[in-house]
Each structure stands twice: as C-alpha cells, then as structure tokens.
Amino acid sequence: MQTATTLDMLRNALAKLRHAGSTVALVPTMGALHEGHLALVREARAKCDHVVASIFVNPTQFGPNEDLDAYPRQLAQDSAMLEAEGVALLWAPTLEAMYPDGFATTISVSGVSEGQCGAARPGHFDGVATVVCKLFNQVMPDMAFFGEKDFQQLAVIRAMARDLDLTRPHVRDIVGVPTVREADGLAMSSRNRYLSQRDRAAAAALPRAMKAAIAAIEAGEDVGQALAALKDALLGAGFDRIDYAELVDSTSLAALDSVNCVPARLLVAARIGGTRLIDNMGVSIKGQYQQA
Ligand code: PAF
C-alpha cells in the first residue's frame with residue numbers, strides 16, 4: 001500500500017493505479033478505524049479494482065467546543081489495518097495540503113443539512129460537504145463509500161454531489177453501507193471509546209429503545225407517543241440529554257408524524273457521560289421497507 005500526503009504524491013500514485021478500464025473506489029475516513037470502516041473497505045474492494053482510503057481529521061467539521069483536539073489519531077495502526085484489507089493507496093493529507101493558506105471556500109447544502117445534527121452542530125455539514133467535495137475532486141473515484149450510521153451526512157453528500165454535478169460520469173455511485181453493530185446492538189463509532197465502562201453498558205439502551213419505538217410505530221401506535229417513550233427509556237437508562245429523536249422521510253429528512261406513504265427512518269442523537277451518540281434505523285411502511 002502506498003501512502004500519499006501531498007497532492008503531487010496522490011496524483012502520481014493515482015496515475016500509476018489507473019489503467020484502461022480499471023475502477024477506483026474512495027473510502028473517506030477520519031481514522032480511528034473500527035469494523036464499521038473495514039466493512040466500507042470490503043464493500044469497496046468487492047465493487048472496484050482499487051481502493052483508495054483517506055484519513056484526515058477535518059477541522060472544519062468540528063465546532064469550537066467539540067472534540068477536535070481529543071479526536072483519536074493512530075495513523076500507524078490505521079495504516080496497518082488498511083493494508084491488511086488490501087487498500088492500494090492511503091491518502092493522508094497534511095493540513096496544509098487540504099487547506100492551504102488563503103483557503104476561502106465553503107460548500108453549504110441547505111435543506112437536508114439543517115435539521116437534526118445540523119441544528120445541534122452548526123457548521124458541521126458545511127465542513128463535511130467542503131472536505132468531501134475536495135476528496136472527490138482530488139481522487140476522482142468511480143465509486144465512494146460511506147456508512148449509513150451517519151445517515152444525515154450521507155444525505156448531505158448525495159445532495160452536494162448531485163447539485164455540483166459530481167455524479168456520473170465523475171463519481172458514478174455514492175454507496176451507503178449498512179451500520180455495523182457491537183454484539184449488544186450499539187452502532188460502532190470511533191467515539192464509543194470515550195465511554196466509561198458504566199456508560200458503555202448503558203449505551204446499549206439506545207438501539208434497544210429505537211427498536212421498541214419502531215415496533216410501536218409499525219404496529220400503528222402514535223408516533224409522538226412512541227418517540228416520547230423512547231426518550232423516557234434513554235433518560236431512565238442513564239443518558240443525560242436527547243438532542244433529537246425524529247421519524248423522518250428517508251430522502252428529504254423532513255419530520256413525519258406517520259409512516260403512510262414514504263420510506264421513513266428513525267434518527268436519534270443522545271448524550272451520555274459527555275459523549276454524543278447517533279444512530280438510525282429504517283421503519284417499514286406496512287411491511288414494505290426493511291429495517292437496517
Ligand atoms: O464520516 C467521516 O468520517 C467524516 O465525516 C468524513 C466523511 C470522512 C469527512 O471528513
């Protein structure tokens with residue numbers, strides 16, 4: 001596996017990788033890799049000839065009081081994991097390579113980026129959209145792979161790519177890969193490592209309460225009541241605060257109060273012991289849509 005840290009190195013390495021008819025996948029990450037990331041790499045390997053993974057802890061998607069400095073950085077370990085998975089090229093740009101002096105452009109996707117995490121983390125999705133647009137332009141992948149765990153992020157990236165004409169023929173497909181979960185159902189996340197032993201055990205209440213809410217909604221219970229019960233269950237289990245718990249249209253992310261006619265998704269963000277956890281699951285419309 002080659003590693004590139006500057007644009008020149010990346011372009012040289014990509015030129016060597018690409019040959020007539022070969023396809024290149026991009027798996028963007030911020031490092032601190034876990035099984036969820038490796039699932040993206042495996043899916044990318046199954047679909048494309050070469051996989052380029054990026055590791056860049058993107059400062060522009062962290063708010064002033066967020067965990068940028070504390071965010072886990074373990075490049076050597078991550079690099080070994082990617083190499084073992086058959087990644088051809090690691091793009092690990094320096095801060096200067098990604099945001100040279102004078103950098104002055106921000107991409108802001110209205111609509112899908114405004115509610116849920118966008119409301120709780122102002123500017124976060126501008127940072128994500130801007131860096132992912134740059135990654136697409138730098139690597140020009142045939143396909144790019146993102147976890148459905150960050151469901152709103154995926155919606156924002158799809159909207160950005162559509163609006164800026166980055167899709168076909170440039171990035172032919174943006175693929176969402178189902179969330180990988182721990183044995184007790186907690187969605188894998190680089191931030192789970194911040195949880196104390198006690199909070200880690202309590203955190204399993206999140207997927208449990210979500211499944212209970214989905215079962216209630218699918219059984220025809222009032223959505224408001226099901227969401228209220230979900231919040232009570234989380235607070236009762238030791239969560240400190242619920243940022244949001246919403247049933248939304250899977251594409252527009254607009255809030256729904258019933259699941260009558262559009263694919264729906266339950267999105268939740270909640271805080272426990274100073275760590276903010278997010279999760280989402282599909283909700284069937286009269287048995288038509290499968291839960292992730
Ligand atoms: O999901 C992430 O790890 C990041 O938000 C991404 C997509 C790599 C952009 O920095």
Side-chain angles (χ1 to χ4, degrees), residues 36 111-122 124-125 146-156 158-159 176-189 191-192 195 198-292:
V112 285
S113 73
E114 286 168 21
Q116 298 97 29
C117 286
R121 304 180 67 188
H124 168 67
F125 287 121
F146 296 89
E148 282 186 347
K149 152 93 175 18
D150 296 297
F151 198 78
Q152 188 175 16
Q153 167 171 283
L154 185 56
V156 169
R158 285 199 162 118
V177 177
T179 303
V180 179
R181 296 179 180 278
E182 303 285 357
D184 62 2
L186 183 67
M188 287 197 183
S189 162
R191 290 189 166 101
N192 290 353
L195 295 167
R198 194 167 134 261
D199 291 340
R200 170 63 192 81
L206 177 56
R208 233 181 7 248
M210 290 176 69
K211 281 187 182 160
I214 289 170
I217 291 168
E218 288 178 347
E221 198 178 294
D222 176 74
V223 170
Q225 276 175 17
L227 297 179
L230 184 161
K231 290 178 191 168
D232 285 349
L234 293 183
L235 294 172
F239 277 78
D240 310 310
R241 196 172 105 194
I242 321 298
D243 278 359
Y244 60 82
E246 290 182 23
L247 181 73
V248 300
D249 175 319
S250 293
T251 311
S252 70
L253 305 193
L256 298 173
D257 53 17
S258 68
V259 283
N260 282 333
C261 51
V262 289
R265 200 104 189 156
L266 176 62
L267 307 184
V268 181
R271 295 178 192 254
I272 183 164
T275 301
R276 185 172 184 276
L277 300 178
I278 59 171
D279 202 349
N280 69 87
M281 293 180 189
V283 181
S284 298
I285 310 168
K286 299 193 173 99
Q288 284 173 34
Y289 291 88
Q290 293 302 308
Q291 191 172 308

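Side chains are part of it too, since the values below use all heavy atoms of this structure and drop only hydrogens, waters and symmetry mates. Source: prediction; values computed, not measured.
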Going by the rule side-chain contact (heavy atoms from CB on, under 4.5 Å), which residues pair with [X] if we only count those two or more places apart in sequence or in a different chain?
X	value
Ser252	Asp249, Ala254
Thr275	Arg191, Tyr194, Leu195, Leu277
Leu227	Val223, Leu266
Ala209	Leu230, Ala233, Leu234

Partners meeting salt bridge (Lys or Arg N to Asp or Glu O under 4.0 Å) with Arg198 (sequence neighbours left out) = none
Salt bridge (Lys or Arg N to Asp or Glu O under 4.0 Å) partners of Arg158, counting only residues at least two apart |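 Result, salt bridge (Lys or Arg N to Asp or Glu O under 4.0 Å) vs Arg158: none returned.
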Between atom CE of Met281 and atom CG of Leu206, what is the distance when rounded to the nearest 0.5 Å?
->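 Atom-to-atom, Met281:CE and Leu206:CG are 7.0 Å apart.
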Output the distance between atom CZ (Arg265) and atom CZ (Phe151), rounded to the nearest 0.5 Å.
->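 If I round to the nearest 0.5 Å, the distance is 4.5 Å.
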Taking the side chain as C-beta and beyond, is there a heavy-atom pair between Phe125 and Val112 under 4.5 Å?
->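 No. Closest side-chain heavy atoms not under 4.5 Å.
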Hey, are the side chains of Glu218 and Val259 touching, using non-hydrogen atoms and a 4.5 Å cut-off?
->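 In short, these two side chains do not touch, never coming nearer than 4.5 Å.
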How close do [X] and [Y] get, counting heavy atoms only, and between which atoms?
X	Y	result
Ala226	Ala216	CB-CB, 4.2 Å
Ala264	Leu256	CB-CD1, 3.7 Å
Pro207	Ala203	CD-O, 3.6 Å
Asn280	Glu148	ND2-O, 2.8 Å

Is there a donor-acceptor pair closer than 3.5 Å between any side-chain N or O of [X] and the backbone N or O of [Y]?
X	Y	answer
Ser250	Pro263	yes
Asp184	Ala201	no
Asp279	Ala269	no

For Asp150, enumerate each residue passing the side-chain hydrogen bond (donor to acceptor under 3.5 Å, both in side chains) test, keeping only those at least two apart in sequence or located in another chain.
->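 Listed in chain order: nothing, the list is empty.
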Side chain to side chain donor-acceptor pair (under 3.5 Å) partners of residues 224-242, not counting sequence neighbours, each pair once |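 Qualifying pairs: Arg241-Asp243.
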Solution key, residues 114-121 side-chain donor-acceptor pairs under 3.5 Å, sequence neighbours excluded:
| unit_1 | atom_1 | unit_2 | atom_2 | d |
| --- | --- | --- | --- | --- |
| Glu114 | OE2 | Gly111 | N | 3.0 |
| Gln116 | OE1 | Gln152 | NE2 | 3.4 |
| Gln116 | NE2 | Glu246 | OE1 | 2.8 |
| Gln116 | NE2 | Leu253 | O | 3.1 |
| Arg121 | NE | Glu66 | OE1 | 3.3 |
| Arg121 | NE | Glu66 | OE2 | 2.9 |
| Arg121 | NH2 | Glu66 | OE1 | 2.6 |

